[in-house]
**Q** 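This structure is in structure tokens; I'll ask about it shortly.
In what follows, chains are A, B, ... by sequence order, proteins preceding strands, each numbered from 1. On a predicted model such as this, the values are computed, not experimentally measured, just so you know. Keep in mind that the numbers below use all heavy atoms, side chains included, and drop hydrogens, waters and symmetry copies.
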Protein chains: 2
Amino acid sequence: MGGPRFEPVRTVRAYERIVEQIEEAVETGTLTPGHRLPSERDLMAQFSVSRSTVREALRVLQARGLVRSRPGDPNGAEVLPFTPAALHKSMTTLARVDQLSLGELVGFRMTLDAAANLLAARLRTEAQLAEMDAAISAMRAAAGTGYDAFSAADVAFHDAVARASGNKLIQICTDVVRSIVLNLIAEKIAAAPDQDGLMRQSIRHHEEVLAAVRAGDGPLAARLSRQTMYDYYVTYVPAPERAALRALLD
Amino acid sequence: MGGPRFEPVRTVRAYERIVEQIEEAVETGTLTPGHRLPSERDLMAQFSVSRSTVREALRVLQARGLVRSRPGDPNGAEVLPFTPAALHKSMTTLARVDQLSLGELVGFRMTLDAAANLLAARLRTEAQLAEMDAAISAMRAAAGTGYDAFSAADVAFHDAVARASGNKLIQICTDVVRSIVLNLIAEKIAAAPDQDGLMRQSIRHHEEVLAAVRAGDGPLAARLSRQTMYDYYVTYVPAPERAALRALLD
DNA sequence: ATCCATTTGTACGTATGTATT
DNA sequence: AAATACATACGTACAAATGGA
């Protein structure tokens, strides 16, 4: 009876083993940004696989944003500092193939941006307050000149808040989702009637948010930021989805 | 003066062009899950590239979770339904290389889970309430038998809430971050003293949250869920990071 | 500034194990 | 049970690109 309990095996591709090993080295800090990998020929010797296998592994690592290789570079592939590019890519894919609605995206932003403001109100430094101030000034300066500069300043403000929150995950996710949202409706916003009025209203709202952050009133900052974002985007959100967004407004 | 404004060109690899085309087809719905790609030999003919180039493209697409290819499959690579696996992978990488702290992860979960409860309190159906009820029952049943079953039931509850929120982005992100957090501290929780007391407390908290969701009191459900998660994880979070988590508690 | 050795990008042929018919 | 079509992996070859002499 009994006998050893065997487990089902899954064949694991040769290139996967290579990816795992290099990934492990990067994630444990054995390989740090700036380090160069051995050349493809050296790697095929070290792993005792063919060049194609090495290259497939490198392509996967490159797709994950861990390394970059350039033709002719005698130093081999370069280990890159982490960027949320891969995260961005998969979230964008999610938004496209899984039919993420604008309402869901905006709701997500409202949630994370409010949390960032809540935290920033407690943790912000003077320098960070100055950054937010500068961003709003830039919004004011750009209000007349066009939507692009205004949007850039708006992004700078929200990014400053996100950084001040001290939560890198919130910062990265807000950044990713914001760019997806802007990408979805940039043209609609640019074509909106009464752009000037919208910009002025947005500036006023941002000033109120900043005042709350400066005063250290996190809950107020959070509530105002949700309202600001709701007001700014609600017209582009299909009516049936608006109820969910209003549910986020306290 | 003037003249045409030329833009810097970046050489784009052959395999990248293939990835772009197939990715586009998947994201626009031209290729839907279950569809088979042509065989590698057909692809090399269609794109007029070599086999290696096709394979590197397929490796990238596979790394992004869009397709899967198996040896010997007489059909080509299979187009997969979207899974957050790639998202999970990049977030895990982020957590490891960028030293994402447990405090940041828990803060993120508190934020998203609270938002999910806020929305679920408004949008939940009777069937979803029943699922949450069943999950809490499972938690009760598992409280004596061990941590694993208890944790699974706990996950089921939070997942039911996330689904009831109607926001797929919230659902997926909570799922991803939850598994990362659990992976980080599963052993610590399993080794905690007075496990039974912690489980009983957690069950009581979950019941309160569910009551609020059932009553349609979103803000209360959100506040309780934040508190529940804070209580459950705070002992594992380094003291300096706890202030930020408390800032999220209203 | 030019040339050169090396490396990457790409191509092609082949062998082998596997899944489906 | 055999035949077929496929993916995996290997090896070689050449062009383009890079960094350093």
**Q** R17(B) CZ to dT10(C) C1': how many Å, rounded?
**A**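 About 15 Å, once rounded to whole Å.
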**Q** Does dT8(D) have OP1 or OP2 sitting under 4.0 Å from an N or O in the side chain of R55(B)?
**A**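 Indeed, a polar side-chain atom of R55(B) lies that close.
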**Q** How long is the line joining CD of E78(A) and C1' of dT18(D), in whole Å?
**A**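 The answer, rounded to whole Å, is 14 Å.
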**Q** Does the distance from a Lys or Arg side-chain N to an Asp or Glu carboxylate O, for E56(B) and R13(B), drop under 4.0 Å?
**A**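 Looking at R13(B) together with E56(B), the answer is no, because their closest N to O distance does not fall below 4.0 Å.
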**Q** Tell me whether the side-chain N or O atoms of R51(A) pair up with the base of dG9(C) as donor and acceptor below 3.5 Å, since no angle test is needed here.
**A** yes
**Q** Scan every strand shown for a Watson-Crick or G-U wobble partner of dA1(D), both distances under 3.5 Å, and answer none if you come up empty.
**A**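 Because no pair has both required distances under 3.5 Å, dA1(D) counts as unpaired.
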**Q** Starting at CG of D73(A) and ending at P of dA5(C), how long is that distance when rounded to a whole Å?
**A**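 Checked: the CG to P distance equals 19 Å.
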**Q** Nearest of dC6(D), dA9(D), dC12(C) to any side-chain atom of S50(B)?
**A**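 So the side chain of S50(B) is nearest to dC12(C).
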**Q** Applying side-chain contact (heavy atoms from CB on, under 4.5 Å) to V177(A) and L112(A), what does each step give before you reach the verdict?
**A** CA-CA 10 Å; V177(A) 176; L112(A) 283 193; 5.9 Å; no
**Q** Measure from the side chain of E40(B), starting at C-beta and using heavy atoms only, and say which of dT10(C), dT8(D), dA11(C) lies closest.
**A** dT8(D)
**Q** Rounded off to whole Å, could you give me the CG-to-C1' distance for the L43(A) and dC10(D) pair?
**A** 16 Å
**Q** If you check every side-chain atom of V49(A), which of dG9(C), dA11(C), dC10(D) has the closest atom?
**A**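 That would be dC10(D).
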**Q** Would you say dA11(C) has OP1 or OP2 under 4.0 Å from some side-chain N or O of T53(B)?
**A** yes
**Q** Report yes or no: do H88(B) and S179(B) form a side-chain donor-acceptor pair below 3.5 Å?
**A** yes
**Q** May I have the distance from R36(B) (atom CZ) to dT20(C) (atom C1'), rounded to whole angstrom?
**A**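 Distance check: R36(B) CZ to dT20(C) C1' gives 11 Å.
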**Q** dT7(C) P sits how many Å from R68(A) CZ, rounded?
**A** 18 Å
**Q** Heavy atoms, side chains only, cut-off 4.5 Å: are S69(A) and R55(A) in contact?
**A** no
**Q** dT8(D) C1' sits how many Å from F47(A) CZ, rounded?
**A**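 That distance rounds to 18 Å.
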**Q** Can you classify the ring geometry of H206(B) versus F157(B) as parallel (below 30°), tilted (30 to 60°) or perpendicular (above 60°)?
**A**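 Ring orientation, 0 to 90° scale: perpendicular.
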**Q** Under 4.0 angstrom, heavy atoms only, what part of the nucleic acid is R59(A) near: base, sugar-phosphate, or nothing?
**A**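 Sugar-phosphate only.
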**Q** Nearest heavy atom decides the nucleotide; on that basis, is D42(B) or S52(B) closer to the 5' end of DNA chain D?
**A** D42(B)
**Q** Consider the side chain of P71(B), meaning its heavy atoms from C-beta on, and name the nucleotide among dT20(C), dA9(D), dT8(D) that approaches it most closely.
**A**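 For P71(B), the side-chain atoms sit closest to dT8(D).
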**Q** Where the side chain of R70(B) is concerned, which of dA9(D), dT18(D), dT20(C) is the nearest nucleotide?
**A**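 Of all the options, the side chain of R70(B) is nearest to dT20(C).
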**Q** Nearest to the side chain of R13(A), heavy atoms from C-beta on, is which of dC10(D), dA11(C), dT8(D)?
**A** dT8(D)
**Q** Check the distance between dT10(C)'s C1' and M44(B)'s CE and give it to me in whole angstrom.
**A**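 Distance, rounded to whole Å: 11 Å.
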